[in-house]
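Here the structure is laid out as structure tokens; the discussion comes afterwards.
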Amino acid sequence: MNLYEQQPYWLIKNGIIASYPSLQKDLKLDVAIIGAGISAALTAWQLRNSGLSIAVFDKRHVGMGSTAASTAFLQYEIDTPLTSLKHLVGEANAVTSYQLCRKAIYDIADLCKSLKPAFDFSLRPSLQYASFKTHTNSLNQEYNFRKKHGFEVQWLEADEIEQKFGFKASGAIFSADGGEVDAYLLTHALLTNFAKAGHKIYSNTDIKTIEHHKQGITLQTANGSVIKAKKLIIACGYESLKYVPKKIAEINSTYALVSEPLPDVSFWYKNSLIWETTVPYMYFRAVSENRILVGGRDDQFHHPHIPPSVIKRKADMLQQAFLKKMPHIPLKADFSWAGAFAITKDGLPYIGCIPERPNTYFALGFGGNGITFSVIAAEIIHDLILERKNEHVQLFSFNR
């Protein structure tokens, strides 16, 4: 599967940070991890000091799957509003999932501070505005429900939105908790730390077969190397779906652009993360080098190859939609790309085990909150492998 097309900003900006060899021999391990993106890196980092022998395998270079195309829009709000999610999973579970996503933002902040040298991370508030006047009442209900459950939110009327953000909308929720990070760079930083703890990373190593036994797993690579592991973690993003026997997600296409550098450093109030209520929604945020990222215009399907002409058309649509909203900002696209995007039935990720694959753990952080979901997955899988109790296992299980 092509997980992205064209030129993701992070990959062009940062290049290849570190290279790792392919596997050329047989291995015996406690834990094998398939995938070397942000989900795998967070899970590997969590387990690095567990006393287990661990190795990471990816058929690409580190971070060059979906992670390279991530827009890293870190919110606790998932694609399913809290007022809708409570009808799908129950009010207590819905609130808990939002609380865990909010905690994950601050966990990433603490993690970035702990890395040597400290890694660049910014806390940012977010604004969700009503795309149409008819959306105002339901958005206000969402605001009241979040406030009832202790989330730090404010309701902004039309005049406040225009004053602070420079565009017109009939109402909006302003949330204190959000963040932004370069997921591609963070993946490399985490895996560098993981390797320093004595573990191995193998790029260009395609896992062709997986055999399950009572005592463990046998993996075979495309070049014939055999890996024997007691436990297996599958954290290779949307490509993980081929290892699950039932359909759990729809794969869509999403689009993004990053602008040319702009003269201003502060574009709107606190450079908040901004998104809207319509589905599919447009979203935008400030990124490094005084640039603005704009994303959205999703398609409800994903082709193996998206032509450059489609990406250009979608980037033009995003640019025009942004300029309509923010005509005073002279945004011009510099980078544009398309990526795969998975949607689950309730907007929540799938984390944990399935009976068909014993001794195997899945970290499937699907949806617009892939990074915060991956933080949650890393903590849950860490506890499962070390046979520790985790109270949130059922919330994200395959049989929920």
Side-chain angles (χ1 to χ4, degrees), residues 69-85 97-98 101-102 104-105 122-136 138-143 145-146 151-156 158 160-162 164-181 183 252-259 267-287 291-299 314-315 317-326 329 331 339 341-343 347 366-373:
S70 170
T71 56
F73 207 75
L74 302 185
Q75 303 169 274
Y76 68 83
E77 302 99 321
I78 71 170
D79 291 339
T80 306
L82 191 56
T83 48
S84 300
L85 187 61
S97 67
Y98 266 57
C101 285
R102 181 176 60 181
I105 294 170
S122 299
L123 290 170
R124 296 281 184 212
S126 74
L127 182 87
Q128 185 183 24
Y129 65 89
S131 305
F132 307 101
K133 284 187 177 181
T134 53
H135 293 187
T136 310
S138 59
L139 186 62
N140 186 257
Q141 290 172 13
E142 176 75 8
Y143 157 76
F145 195 64
R146 284 197 225 161
F151 293 95
E152 190 176 343
V153 290
Q154 299 175 43
W155 178 256
L156 301 186
E160 296 174 284
I161 299 166
E162 188 166 9
K164 292 187 175 191
F165 294 92
F167 65 85
K168 296 181 183 296
S170 57
I173 301 174
F174 182 73
S175 299
D177 305 306
E180 56 190 34
V181 71
N252 294 354
S253 296
T254 191
Y255 302 87
L257 68 82
V258 167
S259 74
F267 300 110
W268 48 78
Y269 185 63
K270 295 188 176 181
N271 278 350
S272 304
L273 314 174
I274 300 179
W275 59 309
E276 61 178 329
T277 53
T278 195
V279 178
Y281 55 83
M282 180 181 71
Y283 56 93
F284 48 95
R285 72 176 181 91
V287 296
R291 300 174 187 263
I292 293 173
L293 179 149
V294 187
R297 293 297 182 263
D298 303 350
D299 291 324
K314 291 286 189 173
M317 291 169 65
L318 288 169
Q319 179 173 313
Q320 292 307 311
F322 178 86
L323 291 173
K324 184 177 180 180
K325 184 63 63 177
M326 298 283 207
I329 299 178
L331 179 140
F341 179 80
I343 299 174
F366 296 157
N369 294 57
I371 296 175
T372 51
F373 286 159

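For this chain, numbers begin at 1 and follow the sequence in order.
- Side-chain atoms of Glu77 and Ser175 include a donor-acceptor pair closer than 3.5 Å.
- Contact between Gly171 and Trp155 at its shortest, heavy atoms only, is CA-CZ2, 3.7 Å.
- Partners of Ser259 according to the side-chain hydrogen bond (donor to acceptor under 3.5 Å, both in side chains) rule, which considers only residues two or more places apart in sequence or in another chain, do not exist here.
- The closest side-chain heavy-atom distance from Trp268 to Leu127 is not below 4.5 Å.
- Distance alone, capped at 3.5 Å, places no donor-acceptor pair between the Asn271 side chain and the Arg124 backbone.
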May I have the list of side-chain donor-acceptor pairs in residues 318-326 shorter than 3.5 Å, sequence neighbours left out?
residue: Gln319; atom: OE1; partner: Ala333; partner atom: N; Å: 3.1
residue: Lys325; atom: NZ; partner: Lys168; partner atom: O; Å: 3.4

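- Annotation: ring pair (Phe, Tyr, Trp, His ring centres under 6.0 Å) contacts of Phe373 (sequence neighbours excluded): none.
- For Phe167, the ring pair (Phe, Tyr, Trp, His ring centres under 6.0 Å) test picks out Tyr129, with sequence neighbours left out.
- Between the side chain of Tyr98 and the main chain of Leu82, a donor-acceptor pair closer than 3.5 Å is present.
- Take Glu142 and apply the salt bridge (charged side-chain N to carboxylate O under 4.0 Å, His left out) test, not counting sequence neighbours, and it matches Arg146.
- Under the rule for a salt bridge (charged side-chain N to carboxylate O under 4.0 Å, His left out), Arg297 has no partner lying at least two apart in sequence or in another chain.
- Applying the side-chain contact (heavy atoms from CB on, under 4.5 Å) rule to Asp299 yields the partners Ser253, Tyr255, Phe301, Lys314; only residues at least two apart in sequence or on another chain are considered.
- Scanning for side-chain contact (heavy atoms from CB on, under 4.5 Å) contacts around Gln141 gives an empty result, with sequence neighbours left out.
- For the side-chain contact (heavy atoms from CB on, under 4.5 Å) test, residues two or more places apart in sequence or in another chain that qualify with Ser70 are Ala72, Ala183, Ile371.
- The side-chain hydrogen bond (donor to acceptor under 3.5 Å, both in side chains) pairs that include a residue from residues 272-281 are Asp79-Tyr281, Ser131-Glu276, Ser131-Thr277, His135-Thr277, where partners are two or more places apart or lie in different chains.
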